[in-house]
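Working notes, beginning with the structure itself.
Counting begins at 1 with the first residue of the sequence.
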Amino acid sequence: MFSDNPIFTIILLTNPILILVGLVQLKYPPKEINSIYGYRTARAKRSQEAWDYAQPAGAKALIKTTLIFTPMMFLGQLIKIPFVLAVFVGLTFVLLEAFIPMILMERDLKEKFG
């Protein structure tokens with residue numbers, strides 16, 4: 001079922017992992033501020049209240065963003081571009097899936113907790 005287009009393959013292989021990470025964090029959020037597990041930015045670590053808010057909200061944002069980007073893997077089936085460019089596009093989608101939730105969470109934490 002793998003495609004010869006890296007956009008499809010990269011997203012197909014990475015998105016289930018990102019969704020799994022989000023689901024695990026949603027089901028088992030870290031209770032106390034730590035530097036090992038959870039949504040661990042400086043803004044999230046400023047207070048226990050911010051930490052408690054950021055854990056489920058960050059997990060939901062990761063899952064939602066990943067699900068929104070998942071149909072992009074079919075872009076690899078629809079367009080024909082050079083292999084190297086397709087690798088770049090696929091990796092860019094994955095990076096966006098990781099960083100967009102962070103940007104949204106940081107903005108949200110700033111609004112709610114200063």
Side-chain angles (χ1 to χ4, degrees):
M1 168 143 180
F2 286 105
S3 168
D4 61 349
N5 192 308
I7 297 171
F8 182 86
T9 306
I10 289 168
I11 295 174
L12 180 68
L13 294 175
T14 57
N15 280 18
I17 294 167
L18 290 173
I19 291 171
L20 181 63
V21 166
L23 290 172
V24 168
Q25 186 176 336
L26 193 58
K27 184 156 176 76
Y28 304 104
K31 304 290 185 227
E32 297 178 12
I33 298 171
N34 69 77
S35 296
I36 299 171
Y37 172 64
Y39 185 82
R40 308 176 315 269
T41 63
R43 191 167 271 131
K45 291 180 178 182
R46 281 190 186 156
S47 70
Q48 188 65 45
E49 184 182 15
W51 178 264
D52 292 340
Y53 174 80
Q55 302 315 306
K60 288 175 187 174
L62 178 62
I63 293 166
K64 182 189 286 187
T65 304
T66 303
L67 290 174
I68 288 170
F69 272 86
T70 296
M72 294 297 179
M73 71 182 183
F74 296 107
L75 185 64
Q77 301 297 89
L78 299 175
I79 63 170
K80 298 298 176 203
I81 57 177
F83 184 84
V84 173
L85 181 59
V87 169
F88 177 77
V89 170
L91 292 175
T92 300
F93 283 145
V94 173
L95 288 172
L96 287 171
E97 291 170 356
F99 285 109
I100 287 174
M102 238 174 116
I103 292 165
L104 297 174
M105 277 304 306
E106 288 302 300
R107 186 183 67 195
D108 201 19
L109 285 170
K110 185 177 181 180
E111 288 175 8
K112 291 188 183 333
F113 302 101

For residues [X] and [Y], report the shortest heavy-atom separation together with the two atoms involved.
X   : Y    : value
T70 : T66  : OG1-O, 2.7 Å
R43 : G114 : NE-O, 3.8 Å
A59 : L26  : CB-N, 3.8 Å
Q55 : P29  : CB-CB, 3.9 Å
P6  : A86  : CD-CB, 3.6 Å
G58 : M105 : N-SD, 3.6 Å

Examine [X] and [Y] and state if one hydrophobic cluster contains both, with Ile, Leu, Val, Met, Phe, Trp and Tyr joined whenever side-chain heavy atoms are less than 4.5 Å apart.
X   : Y    : value
L67 : I103 : no
L23 : V94  : no
F8  : F69  : yes
W51 : Y37  : no
I19 : I11  : no

Could you give the distance from [atom1] ([X]) to [atom2] ([Y]), rounded to the nearest 0.5 Å?
X   : Y   : atom1 : atom2 : result
L12 : N5  : CG    : CG    : 12.0 Å
I63 : N15 : CD1   : CG    : 12.0 Å
L96 : I68 : CG    : CD1   : 12.0 Å

Please report the C-alpha distance between E106 and L109 in whole Å, then the side-chain angles of each, then the deciding distance to 0.1 Å, and finally whether the side-chain contact (heavy atoms from CB on, under 4.5 Å) criterion is met.
CA-CA 5 Å; E106 288 302 300; L109 285 170; 3.9 Å; yes

E97 (side chain) donor-acceptor with L62 (main chain) under 3.5 angstrom:
no

With V89, which of V84, I79, I10, I81 fulfils side chain to side chain contact (heavy atoms under 4.5 Å, CB included)?
I81

Could you check Y53 against F113 for ring-ring contact (aromatic ring centres under 6.0 Å, His included), going step by step and ending with a plain yes or no?
CA-CA 10 Å; Y53 174 80; F113 302 101; 5.8 Å; yes

Does some side-chain heavy atom of F93 sit less than 4.5 Å from a side-chain heavy atom of M73?
no

Determine whether more than 12 heavy atoms belonging to other residues, nucleotides or ligands lie under 6.0 Å from atom CZ of F88.
no

Should the heavy atoms of other residues, nucleotides or ligands under 6.0 Å from NZ of K45 be counted, would the total exceed 12?
yes

With side-chain contact (heavy atoms from CB on, under 4.5 Å) as the criterion, how do N34 and R40 come out once you've worked through the C-alpha distance, each side chain's angles and the decisive distance to 0.1 Å?
CA-CA 7 Å; N34 69 77; R40 308 176 315 269; 4.1 Å; yes

